[in-house]
Amino acid sequence: MKSFLNVQDLGDLKQALAEAREIKQDRFKYVELGRNKTALLVFFNNSLRTRLSTQKAAQNLGMNVIVLDVNAGAWKLETERGVIMDGDKSEHLLEAIPVMSSYCDIIGIRSFAGLTDREYDYAETVYNQFVKYSGKPIFAMETATVHPLQAFADLITIEEHKQTARPKVVLTWAPHPRALPQAVPNSFAEWMNAADVDFVITHPEGYELDPAFAGNARVEYDQMKAFEGADFVYAKNWSCPGVTRPEDYGKILTDYHEMLDWTVSDRQMAVTNNARFMHCLPVRRGMIVTDEVIEAPTSLVIPEAANREISATVVLKRMLETER
Ligand code: AN0
Ligand code: CP
């Protein structure tokens, strides 16, 4: 595997899930695979889980790890070609990428959507520059439009906790005070469409996800109706994807004070099939979900985060195997 962005990059999902189970049973099984190999993790944005779980995954495989926080000590990087660099950015990505790649074997990138230029974000401009100019395998640690390590961990978690062969999984929008990217819901939708689940998306009108990710998934605008009989509830906020009105891209369409009935609470959970609650974290209590729901025994947020180590170990293992 040379690049990890979309569900197809992993090939057969059943096989990938079998590998995840194998690694969870013995996470050091492939500790010789990464000997004398170096993973470079480049963060343009904050992170708790991705930073820790991906380092742990690389160590499980015997790799060395270098972490770079671009905005905390590195030169500020220009990402667009053709600009006159007279601002606060001292270095261009076009030099920085080949330099960084000379010190490592595999590179992970966290680079969120800017949420101002839809075309720039949806072309995965930053990620693709790394693919093009590094000559190394590149994987997404949440890029402008996707967060596949999260979606893979989510799928592993659903597989571990499902009680029926084909569970009903509901992705629900929930309120948030700041405009957030669409990467998490995009990837979750993409992966659920590829998995064997009954998948429903619910959100207020105007928040329609890009069809490249939502595919033919059922959209139900009535949140209570969507929750009926759900086995898994996956909450997440996202800003306007700009599908129906491109001029609204990256915006919050209605002030969150008016949207608080979308906060996942016992009211909605009551109509589910004793659903498990999921969220990628970090989560704002009282906005996305109530204390009661996230603290209930049905909440999976901690095992879900723990599975980030497993998804990252599988992905890095695949990349190391390709390089051998
Ligand atoms: C980010 C997002 O919504 O994409 C990261 C989630 C993993 N969340 C925040 O910025 C709060
Ligand atoms: N879920 C997730 O990616 O969390 P971090 O932003 O803390 O890495």
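Remember, it's 1-based here, ligands and their atoms both numbered in the order they're listed. Just so you know, residue 1 is the first one in the sequence shown, and it goes up from there.
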Between the protein and ligand 1, which nitrogen or oxygen pairs come in under 3.5 Å, and how far apart is each?
| from | atom 1 | to | atom 2 | distance (Å) |
| --- | --- | --- | --- | --- |
| ligand 1 | 3 (O) | Lys236 | NZ | 2.7 |
| ligand 1 | 4 (O) | Glu142 | OE1 | 3.3 |
| ligand 1 | 4 (O) | Glu142 | OE2 | 2.6 |

(Q) Under a 3.5 Å distance rule, please check whether Thr202 uses its side chain to pair with a backbone N or O of Thr172 as donor and acceptor. (A) no

Q) Would you say ligand 2 has an N or O under 3.5 Å from any N or O of Leu281? A) yes

Q: For residues Ser239 and Ala179, report the shortest heavy-atom separation together with the two atoms involved.
A: CB-CB, 4.1 Å

Q) Would one find an N or O of Asn46, backbone or side chain, under 3.5 Å from an N or O of ligand 2? A) no

**Q.** Nearest neighbour in protein (non-hydrogen) for atom 2 (C) of ligand 2
**A.** Arg308 NH1, 3.3 Å

**Q.** Donor-acceptor pair, side chain of Lys168 and main chain of Glu228, under 3.5 angstrom
**A.** yes

Q | Atom indices of ligand 2 within 4.0 angstrom of Leu48 heavy atoms, with elements | A | 5 (P), 7 (O), 8 (O)

Q. Among protein heavy atoms, which lies nearest atom 4 (O) of ligand 2, and at what distance?
A. Arg49 NE, 2.8 Å

Q. At a 4.0 Å cut-off, with the gap strictly under it, does some heavy atom of Met141 reach an atom of ligand 2?
A. no

Q: Starting from the C-alpha separation in whole Å, work towards a yes-or-no answer on side-chain contact (heavy atoms from CB on, under 4.5 Å) for Leu40 and Ile106.
A: CA-CA 6 Å; Leu40 171 63; Ile106 296 178; over 6 Å; no

Q. Does Glu142 come within less than 4.0 angstrom of ligand 2, counting non-hydrogen atoms of the residue?
A. no

Q) For Trp191, which of Leu13, Val197, Val146, Asp154 qualifies under side-chain contact (heavy atoms from CB on, under 4.5 Å)? A) Leu13

Q) Hey, which of Met100, Glu124, Lys136 is the one that makes side-chain contact (heavy atoms from CB on, under 4.5 Å) with Phe130? A) Met100

Q. So which protein heavy atom does atom 6 (O) of ligand 2 come closest to, and at what separation?
A. Arg110 NH1, 2.8 Å

Q: Find all atoms of ligand 2 within a distance of less than 4.0 Å from any non-hydrogen atom belonging to His147, and give their numbers and elements.
A: 2 (C), 3 (O)

Q. Are Arg110 and Phe44 in a cation-pi setup, meaning NZ or CZ lies under 6.0 angstrom from the ring centre and within 45 degrees of the ring axis?
A. no

Q) Got a donor-acceptor contact below 3.5 angstrom from the Gln268 side chain to the Ser265 backbone? A) yes

Q) Do Tyr207 and Thr254 meet the criterion of a side-chain donor-acceptor pair at a distance under 3.5 Å? A) no

Q. Any idea which heavy atoms bring Val314 and Ile23 closest together, and the distance?
A. CG2-CD1, 3.9 Å

(Q) Arg51 versus ligand 2: do any nitrogen or oxygen atoms come within less than 3.5 Å of each other? (A) no

Q.
Using the ring centroid of each side chain, check whether Tyr234 and His279 are separated by less than 6.0 Å.
A. no

